[in-house]
Amino acid sequence: MSKPDTPVTKTQATNFIRDIIRADVEAGKLAAEAVVTRFPPEPNGYLHIGHAKSICVNFGLAQQFGGQCNLRFDDTNPSKEEQEYVDAIMDDVRWLGFTWAGEVRYASDYFDQFYAWAQHLIREGRAYVCDLSAEQASEYRGWATSPGKPSPYRERSAEENLDLLERMKHGEFDEGAKVLRAKIDMASPNMNLRDPILYRIRKQSHHHTGDTWCIYPSYDFAHGQEDAIEGVTHSICTLEFADHRPLYDWFLEQLPVPSRPRQYEFGRLNLDYTVTSKRKLKRLVDEGHVDGWDDPRMPTIHGMRRRGFTARAIRNFCDALPVAKSDGVVSVAQFESAVRDDLDRHAPRGMAVLNPLKVIVENFSEDRVESLSAARHPKEDMGERILPFTRELYIDTADFTEDTTLSRKKFKRLVLGDYVRLRGAYVIKANRVEHDVNGSPAVLYAELVENTVGEDPPEGIKPRGVIHWVSATEGRQATIRVYERLFITASPDKGEGDLLDHINPESKRIITNAWIEPALAEANPESSFQFEREGYFVADRFDHCAESPVFNMTIGLRDTFSEKPGGQ
RNA sequence: UGGGGCGUCGCCAAGCGGCAAGGCAACGGGUUUUGAUCCCGUCAUUCGGAGGUUCGAAUCCUCCCGCCCCAGCCA
């Protein structure tokens, strides 16, 4: 994997966790190389942009201190988890450019240890098997403002508890019939401490352990211990787990764990116009509102990849965001800015005509093909590509108008009787236009000005502007998928009404009669280009091939013109 | 009306008692064979509110207001 470029941030984003680790190192609590973090996804869906931030924080911190970061699947709930997600998540982390320490870990690899620790708690009088139903337990738990009351099973003997737990493990009881709970404090103002559940019965096959278990540990009874087993020093999670920290610490204090990790919470990343909830994303997929988890409109890492958002752009974006304790909503414009910034520098240029209008250059002979050469990038040294120029060309319909009243400043494109430069080629003049049955321009007849390739036109000829073009005979027809934001509302999650009410009905448009210059057809799948004057596009990683080119629009060029009054 | 977290420019945010960084967006202007990029400039007399301490407060104290999270045998 190539080394990530240095972030573009001028000042390093603040990160209070980094400061804490640095202080720990300086205080001699641990060596910098001993810093261990982990990224602990539950394999119950595909990773999204919010996870990307967490990945960058965890792997980034480990990198900065020369420590290590583990990838660990928090697979404690077989009813929601699948191997498909495990595979996709590993793929995503690798694609983002990170390498986890050693083998992939699974919480389920530690199930034997967790079971032994549960027995330990029972022996210490710190846990008991409870027969209350879920509804009853909820009642007993009390309300936020009123204390709960003890379960009638709270004082069972250690022997009985041990026996019951063993029988739960052997599948003697139905799902929901019994749970193992910690004996903490039913009056705690922190609901998480009102005798939380340690084990519940789930007679389901697990993607990693098969049918070995029919009881599964809860998140709370697993997470801190997983960290301790792996020697994680700084366990970083999102804000909603702050209330769980006392419980996290409680288990680590009660159990003979091999190390003492500390939990720190930061605000998760939210983007406007974007939904980041596995449940909602899954719904979009399951109900067919998008074409799968890797639909380019999805904020999943798989989707962003297919869209052409580069791993480097995603990393730069995440690294530029502060790690703080507030959870705000970042504007997608900021993300898009990071994408354009990266693609502008790294994407070779090419020309593609999305809405073709035929142009016949009357003073260029029919059978002639002039091989022009054009730089692949205006600033970076990426070499040149061959650009064939012929008598018949395509330009974009938007680059020609029959309205002759527009000033040169307002319309820097082609107008009858005036000149325009064809990018990387000649200056041409439009002479006349033929219309189709609807009265729309069908064919434009033009003439080129000799000796204007790489040269200024003679005195007196002032092109209105520069437009892009493709040879009609040497160019290739291509399919281009144009995407816009999936949601029209800034906060589609929020407020009343259904998520679907906020879907943009025009978020996907497929253009099948686009024309691209020949060099673009040869693009490798998943390579990005700037189609000049249009935007950034990526050759689809699955559907593109030289014989049948398919590009996905990543994002348009920044446009400071068309939105303005008087613009078009 | 319990507990936890947070409130500084439209958005994300620095700041930790000495007189409001930066990024995104926006708006002017310059360069340009991409109306892109790049470059230059403008953009909070004010820090949720009200009191108080101090020569001096966004930073300390008090009270108030607002937003988010917690009552899954989800993570």
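Lettering of chains follows the sequences in order, A, B, ..., and the numbering in each one begins at 1.
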Which atom pairs, donor and acceptor, lie under 3.5 Å between side-chain atoms of residues 328-340 of chain A and protein residues at least two apart or in another chain?
| unit_1 | atom_1 | unit_2 | atom_2 | d |
| --- | --- | --- | --- | --- |
| A/S331 | OG | A/A333 | N | 3.0 |
| A/R340 | NE | A/G556 | O | 2.8 |
| A/R340 | NH2 | A/G556 | O | 3.2 |

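With both ends at atom P, the span from B/A20 to B/G48 equals 16 Å, rounded to whole Å. Distance check on atom C1': B/U8 versus B/G15 gives 9 Å, rounded to whole Å. B/C69 and B/C64 have their P atoms separated by 23 Å, with the value rounded to a whole Å. Look at the C1' atom in both B/A13 and B/C24: the space between them is 11 Å, to the nearest Å. Rounded to a whole angstrom, the distance from the P atom of B/G49 to that of B/U42 is 27 Å. A distance of about 31 Å separates the P atoms of B/A75 and B/C67, rounded to the whole Å. Nucleotides B/G4 and B/U62 are separated by 15 Å at their P atoms, to the nearest Å. Here the separation of B/A36 from B/A26, taken at their P atoms, is 12 Å to the nearest Å.
Close to B/A36, at under 4.0 Å from its OP1 or OP2, lies a side-chain N or O of A/T560. Here A/R245 does not reach the OP1 or OP2 of B/G5: none of its side-chain N or O atoms lies under 4.0 Å away. Between A/R202 and B/C73 there is no side-chain N or O to OP1 or OP2 distance below 4.0 Å. Between A/S326 and B/G5 there is no side-chain polar atom (N or O) within less than 4.0 angstrom of OP1 or OP2. For A/S337 and B/G23, the shortest distance from a side-chain N or O to OP1 or OP2 is not below 4.0 Å. A sub-4.0 Å separation between OP1 or OP2 of B/A75 and a side-chain N or O of A/R200 is present. Residue A/S331 has no polar side-chain atom (N or O) positioned under 4.0 Å from OP1 or OP2 of B/C24. At the phosphate of B/U33, neither OP1 nor OP2 sits under 4.0 Å from any side-chain N or O atom of A/R533. Regarding contacts with the backbone of B/G2, every side-chain N or O of A/S188 stays at 4.0 angstrom or more from both OP1 and OP2. Taking only side-chain nitrogens and oxygens, A/R194 never comes nearer than 4.0 Å to OP1 or OP2 of B/G2.
Salt bridge absent: A/R262 and A/D227 never bring a charged side-chain N and a carboxylate O closer than 4.0 Å. Salt-bridge check for A/R349 with A/D344: passed, with a basic side-chain N closer than 4.0 Å to an acidic carboxylate O. In summary, A/E230 and A/R72 engage in a salt bridge, as defined by a charged side-chain N under 4.0 Å from a carboxylate O. A salt bridge is absent between A/K149 and A/E139: the closest approach of a Lys/Arg side-chain nitrogen to an acidic carboxylate oxygen does not fall below 4.0 angstrom. Salt bridge A/R464/A/D418: present, at least one basic N to carboxylate O contact under 4.0 Å.
Note on A/E455: a base of the nucleic acid sits closer than 4.0 angstrom, heavy atoms only. As judged by a 4.0 angstrom heavy-atom cut-off over every strand, A/G176 is placed among the base-contacting residues.
One can place CG of A/L321 at 11 Å from P of B/A14, the figure rounded to the nearest angstrom. Per the geometry, CD belonging to A/Q334 stands 14 Å off C1' belonging to B/A26, to the nearest Å. Rounded to whole Å, atom C1' of B/U34 lies 13 Å from atom CG of A/L422. A/W469 places its CH2 atom 15 Å from the P atom of B/U34, with the value rounded to the nearest Å. Atoms NZ (A/K325) and C1' (B/C69) sit 13 Å apart, rounded to a whole Å. If you take CG of A/L343 and P of B/U34, they are 19 Å apart, rounded to a whole angstrom. The CG-C1' distance, from A/D327 to B/C11, rounds to 14 Å in whole Å. For the pair A/E265 CD and B/A75 C1', the interatomic distance rounds to 15 Å; values are reported in whole Å.
B/G72 shows a glycosidic angle within 90° of 0 and is accordingly assigned syn.
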Short N/O separations, protein against nucleotides 65-67 of chain B, under 3.5 angstrom:
none

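With hydrogens and angles ignored, a donor-acceptor pair under 3.5 angstrom links the side chain of A/R413 to the base of B/G35. One cannot find a donor-acceptor pair under 3.5 Å joining the base of B/U34 and the side-chain atoms of A/E534. Counting distance only, with no hydrogens placed and no angle test, the side-chain atoms of A/R345 and the base atoms of B/U37 include no donor-acceptor pair under 3.5 Å.
Aromatic ring centres of A/Y216 and A/H206 lie closer together than 6.0 Å.
Only A/E240, A/F241, A/A242, A/D243, listed by number, bring a heavy atom of residues 235-243 of chain A to less than 4.0 angstrom from any atom of RNA chain B.
Judged by Watson-Crick or G-U wobble contacts below 3.5 Å, the nucleotide B/U62 has B/A50 as its partner. Pairing of B/C67, defined by two Watson-Crick or G-U wobble distances under 3.5 Å, is identified with B/G5. Pairing partner, B/A57: none, since no Watson-Crick or wobble contact has both distances short of 3.5 Å. Nucleotide B/C19 forms a pair with no other nucleotide shown, judged by Watson-Crick or G-U wobble geometry with both contacts under 3.5 Å. Both distances falling under 3.5 Å, in either a Watson-Crick or a G-U wobble arrangement, occur for no nucleotide opposite B/A14. Pairing for B/G41 goes to B/C27, judged as Watson-Crick or G-U wobble with the two contacts each under 3.5 Å. Across all strands shown, B/G35 has no partner, as no Watson-Crick or G-U wobble contact with both distances under 3.5 Å is found.
Each salt bridge (charged side-chain N to carboxylate O under 4.0 Å, His left out) pair with one or both residues in residues 177-189 of chain A, not counting sequence neighbours, appears once here: A/D131-A/K178, A/E155-A/K183.
Comparing A/T14 and A/E81, the nucleotide of RNA chain B nearest to each residue sits closer to the 5' end for A/T14. Nearest-nucleotide positions on RNA chain B for A/R558 and A/D131 put A/R558 closer to the 5' end.
When distances run from any side-chain atom of A/D344 to the nucleotides B/G3, B/A75, B/U37, the shortest one goes to B/U37.
The side-chain hydrogen bond (donor to acceptor under 3.5 Å, both in side chains) check on A/E484 picks up nothing, with sequence neighbours excluded. Residues passing the side chain to side chain contact (heavy atoms under 4.5 Å, CB included) test with A/S205, sequence neighbours excluded: A/D211. Residues forming a salt bridge (charged side-chain N to carboxylate O under 4.0 Å, His left out) with A/D381 (at least two apart in sequence, or on another chain): none. For A/H207, there are no ring pair (Phe, Tyr, Trp, His ring centres under 6.0 Å) partners, not counting sequence neighbours. For A/R245, the salt bridge (charged side-chain N to carboxylate O under 4.0 Å, His left out) partners are A/E265, not counting sequence neighbours.
Stacking between A/F561 and the base of B/G35 is present: ring centres sit under 5.5 Å apart and the planes differ by under 30 degrees.
The side-chain contact (heavy atoms from CB on, under 4.5 Å) with A/W515 is formed by just one residue from the set A/V470, A/N355, A/I395; it is A/V470.
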